[in-house]
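Structure record follows, encoded as structure tokens.
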Amino acid sequence: MAAAVGAGAIPRIKVAAICGSLREGSYNRGLIRSAIEISKSSIPGVEIELVEIAELPLLNTDLEGEGSFPPVVEAFRQKILEADSILFASPEYNYSVSAPLKNALDWASRPPNVWGDKAAAIISASGGSGGSRSQYHLRQIGVFLDLHFINKPEFFLNAFQPPAKFDKNSNLIDAQTRENLKQVLLSLQAFTLRLQGR
Ligand SMILES: Cc1cc2nc3c(=O)[nH]c(=O)nc-3n(C[C@H](O)[C@H](O)[C@H](O)COP(=O)(O)O)c2cc1C
């Protein structure tokens, strides 16, 4: 959770970044890499860590013990618990969130729900509408999880519309998109601090 700060210092927040796509060349993962870079270079106080979800088993409550979870699930839940806020990079799959992301959301929702009362933001690289439908489904899921999403700015990126937004390694190369991403991070930072009364 939030680190203590000295007088006059900028409050620090830890952001857990989660990518809903598991593929190596994922554009959404590229957005998170860019977000990490931006925060390091130009947003003092924001520390973003990519939290992997690929190794989580498919949700099955038979895998739970008396208030315990498989080690990989425990480790994931702990990362979420320790974060001040969440950055979701959510690709759109068939008008909704991806199955890996829903799986991760479900595991961390098991009692005690570790998403509760955290600030969150969503970014998407997808086809036509830039992932908007996945984002609105994620916002709906977040109601029950007690996540608090920033409303503005919204960030929808059509990854396939020229000019190219990513290089061949799926790194973000478009300056305007990078600036849009920075604005999301600044909004998430401000909202997280406001929510925590800091
Ligand atoms: C199963 C599947 C369903 C998809 N459905 C949609 C969709 O409904 N809307 C959309 O804009 N793109 C859709 N796409 C395209 C993905 O959003 C696009 O490939 C995106 O780049 C995936 O994210 P990634 O690059 O991070 O892997 C779909 C892709 C897959 C694999």
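Atoms within each ligand, like the ligands themselves, are counted from 1 in listed order. Computed from heavy atoms alone, side chains included, the values below leave out hydrogens, waters and symmetry copies.
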Heavy-atom contacts with [X] under 4.0 Å: which atoms of ligand 1 show up? List them by number with element.
| X | value |
| --- | --- |
| S126 | 11 (O), 17 (O) |
| R23 | 24 (P), 25 (O), 27 (O) |
| N28 | 23 (O), 24 (P), 26 (O) |
| Y95 | 7 (C), 8 (O) |

Close N or O approach ([X], ligand 1; < 3.5 Å):
| X | value |
| --- | --- |
| P91 | no |
| Y27 | yes |
| R29 | no |

Parallel, tilted or perpendicular, as decided by the 30° and 60° cut-offs, for the rings of F149 and F88: tilted
Check the angle between the aromatic planes of F76 and W115 and answer parallel, tilted or perpendicular using the 30° and 60° thresholds. perpendicular
Select one of side chain, backbone, both or neither to describe which atoms of [X] lie under 4.0 Å from any atom of ligand 1, heavy atoms only.
| X | answer |
| --- | --- |
| S26 | both |
| S21 | side chain |
| F160 | side chain |

Is ligand 1 less than 4.0 angstrom away from at least one heavy atom of G128? yes
After noting the C-alpha distance and the side-chain angles of Q196 and D84, does the key distance pass the side-chain contact (heavy atoms from CB on, under 4.5 Å) rule? CA-CA 9 Å; Q196 294 180 343; D84 296 294; 3.0 Å; yes
With distance as the sole test, does S42 use its side chain to make a donor-acceptor pair with the main-chain N or O of I38 at under 3.5 Å? yes
Check for a donor-acceptor pair, side chain of S109 on one end and backbone N or O of D106 on the other, with a separation under 3.5 Å. yes
Using a distance-only test with no angle check, is there a side-chain donor-acceptor pair under 3.5 angstrom linking S134 and S90? yes
Have a look at R133, E24, E92 and point out the one with the heavy atom closest to atom 9 (N) of ligand 1. E92
Any carboxylate oxygen within less than 4.0 angstrom of a Lys/Arg side-chain nitrogen, looking at [X] and [Y]?
| X | Y | value |
| --- | --- | --- |
| E82 | R77 | no |
| D174 | R178 | no |
| E47 | R12 | no |

[atom]: the protein heavy-atom neighbour that sits closest, reported with distance to 0.1 Å:
| atom | result |
| --- | --- |
| atom 11 (O) of ligand 1 | G127 N, 3.0 Å |
| atom 20 (C) of ligand 1 | A125 O, 3.9 Å |
| atom 1 (C) of ligand 1 | N94 ND2, 4.0 Å |

Around atom CD of E24, are there more than 12 heavy atoms from other residues, nucleotides or ligands closer than 6.0 Å?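 Not buried by this count: 12 neighbours or fewer within 6.0 Å.
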